[in-house]
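Below, read A as the first sequence line, B as the second, and so on, with proteins coming before strands; counting in each chain starts at 1.
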There are 2 protein chains.
Amino acid sequence: MYHFQLLLFREVIKPSQNHLLLKSLFLGGFIKEDESLDEAAYRILHHLTGLKDVYMKQSYSYGKTDRDPGARVISTAYSALIKIQDIDRELKEINGAHWQSLSRLPRLIFDHREMVDRALVELQMQIKIKPVGFELLPEKFTLVQLQDLYEAIYQREIDKRNFRKKILSMNILEKLEEKEKETSKKGAFYYKFNKEHYEKHKRNGFFFNLDVN
Amino acid sequence: MYHFQLLLFREVIKPSQNHLLLKSLFLGGFIKEDESLDEAAYRILHHLTGLKDVYMKQSYSYGKTDRDPGARVISTAYSALIKIQDIDRELKEINGAHWQSLSRLPRLIFDHREMVDRALVELQMQIKIKPVGFELLPEKFTLVQLQDLYEAIYQREIDKRNFRKKILSMNILEKLEEKEKETSKKGAFYYKFNKEHYEKHKRNGFFFNLDVN
DNA sequence: CCAAAAGTGTTCGAATTACACCCATGA
DNA sequence: TCATGGGTGTAATTCGAACACTTTTGG
């Protein structure tokens with residue numbers, strides 16, 4: 001059972017003039033005249049982390065007048081899911097960034113805590129009805145990894161047999177011959193998400209729904 | 001079985017310079033320096049319709065650069081649910097406004113069709129897990145009215161017995177002595193939504209979930 | 001008295017849950 | 001050989017779906 005982590009940045013930009021309050025910050029930036037909201041979100045993520053092709057979704061727009069004491073700022077928040085494999089490879093040398101467990105988050109400035117909470121709730125709803133979980137895993141993953149992921153998101157334990165029964169009955173996973181041998185002597189089979197199968201089933205009225213235990 | 005209607009306004013404001021494209025428009029306006037997004041949404045709704053205290057929810061922010069050919073505009077859409085009883089009383093004399101069935105919508109300008117579609121999908125998800133349906137009904141309503149509402153939102157028929165069984169078992173409705181006698185000789189008992197019961201149950205881990213048939 | 005709408009229970013099958021042991025292997 | 005983590009089946013229960021008749025009353 002692992003936990004979700006939030007990537008925090010320290011003073012990457014300063015929309016606020018009150019420096020004492022600035023304890024931690026998300027990725028942030030200002031939109032340009034010639035780019036869409038989505039493009040701006042991708043640009044900022046890519047510019048500050050080097051990450052590309054990640055699952056990213058608009059979350060919510062925050063518009064209280066006093067949310068940033070330094071200036072009137074309206075922020076449209078996006079949440080990105082980063083593949084576990086990409087994290088260390090790409091983010092090691094980013095200055096001032098550090099991962100923080102969601103359950104032991106420091107005090108965040110402004111309304112950033114609300115942003116995190118809302119994004120997490122959205123994720124928990126999304127993941128029940130859409131296979132977004134696979135965005136967080138490497139191409140090849142074991143069922144144990146997949147279950148660990150779901151346990152982290154739901155913040156509770158799931159029965160192994162029921163979880164496997166349900167996910168496998170959907171026929172959207174492809175079992176590989178290869179085994180992951182790092183974490184156990186026996187080894188666990190790799191699977192991969194078969195997007196074509198998923199899309200085909202969906203056209204036939206199939207609904208992804210992973211609500212286990 | 002009735003249908004959802006969208007209230008359309010004609011040229012209330014003109015963010016576009018291309019008048020030929022302007023066929024219909026939602027309520028819209030610009031945010032002021034000293035108000036939040038929520039406040040602006042309420043102000044605009046109230047100013048243009050006279051309606052107050054309606055259920056209103058942020059939907060999504062639209063930010064494509066070319067979405068309005070006349071100017072760079074980022075729009076945060078809100079959707080409001082208006083009580084059936086309030087509609088005629090307050091909206092009769094609004095100039096240029098007319099109701100249009102959602103299933104026979106005219107061509108809308110810009111990305112407004114996407115806005116409607118997204119808002120409807122959000123509503124359909126919301127109404128399954130939150131008792132927002134009551135926002136659309138008068139204080140006192142019959143179970144038939146409530147069911148009609150759900151059938152309109154889901155766009156399908158629901159079994160009467162199963163619907164009543166489910167909604168009544170939640171213990172969030174209060175049966176009144178009074179009957180509605182307009183639509184039938186026998187008359188149908190009025191109910192009202194008991195918000196306190198709902199909040200109390202929710203604290204005890206109860207989840208509203210109305211997914212019938 | 002009858003048409004029209006409101007109201008009411010039961011049965012069946014499917015889906016979800018709970019639950020415990022064997023397997024493979026490297027050290 | 002044994003400790004460690006991976007993998008598997010079945011029974012009990014709950015939940016959702018299907019289904020048809022009785023009640024009330026104004027005209």
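- Put simply, CD on Glu180(B) is 14 Å from P on dT25(D), counting in whole angstrom units.
- A straight line from NZ of Lys175(B) to P of dG7(C) spans 7 Å, rounded to a whole angstrom.
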Checklist line | Candidate pair Tyr60(A) and Tyr62(A), rule ring pair (Phe, Tyr, Trp, His ring centres under 6.0 Å), full reasoning | finding: CA-CA 7 Å; Tyr60(A) 196 78; Tyr62(A) 296 85; 5.2 Å; yes
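- Within residues 160-174 of chain A, the residues that place at least one heavy atom under 4.0 Å from DNA chain D are, in residue-number order, Lys160(A), Arg161(A), Arg164(A), Lys165(A).
- Residue contacts for Lys181(B): at a heavy-atom cut-off of 4.0 Å it reaches the sugar-phosphate backbone alone, with no base atom in range.
- In this structure, Phe193(A) and Phe134(A) have parallel ring planes: the angle between them is below the 30° cut-off, well short of the 60° mark.
- Separating the NZ atom of Lys179(A) from the C1' atom of dT25(C) is a distance of 9 Å, rounded to the nearest angstrom.
- Separating the CG atom of Leu210(A) from the P atom of dA15(C) is a distance of 15 Å, rounded to the nearest angstrom.
- In this structure, His197(B) and Glu174(B) have side chains that are not in contact, with every pair of non-hydrogen atoms separated by 4.5 Å or more.
- Two residues are said to be in side-chain contact when any heavy atoms from C-beta on lie closer than 4.5 Å; His201(B) and Met170(B) fail this criterion.
- Rounded to whole Å, atom P of dA5(C) lies 12 Å from atom CG of Asp148(B).
- Protein atom CG of Asp159(B) is 17 Å distant from nucleotide atom P of dT11(C), rounded to whole Å.
- Using a distance-only test at 3.5 Å, with no hydrogens or angles considered, no donor-acceptor pair links the side chain of Lys64(B) to the main chain of Asp38(A).
- Remark: P of dG6(D) and CG of Leu143(A) are 10 Å apart, rounded to the nearest angstrom.
- Using a 4.5 Å cut-off on side-chain heavy atoms (C-beta onward), Thr142(A) and Thr183(A) make no contact.
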Next item on the list: Step by step, work out the salt bridge (charged side-chain N to carboxylate O under 4.0 Å, His left out) result for Arg43(A) and Glu39(A).
Entry: CA-CA 6 Å; Arg43(A) 169 179 59 79; Glu39(A) 285 161 1; over 6 Å; no
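- If you check residues 183-193 of chain A against DNA chain D, the residues with a heavy atom closer than 4.0 Å are Thr183(A), Ser184(A), Lys185(A), Lys186(A), Gly187(A), Ala188(A), Phe189(A), listed by number.
- A 4.5 Å side-chain heavy-atom check between Leu146(A) and Tyr150(A) finds at least one atom pair inside the cut-off.
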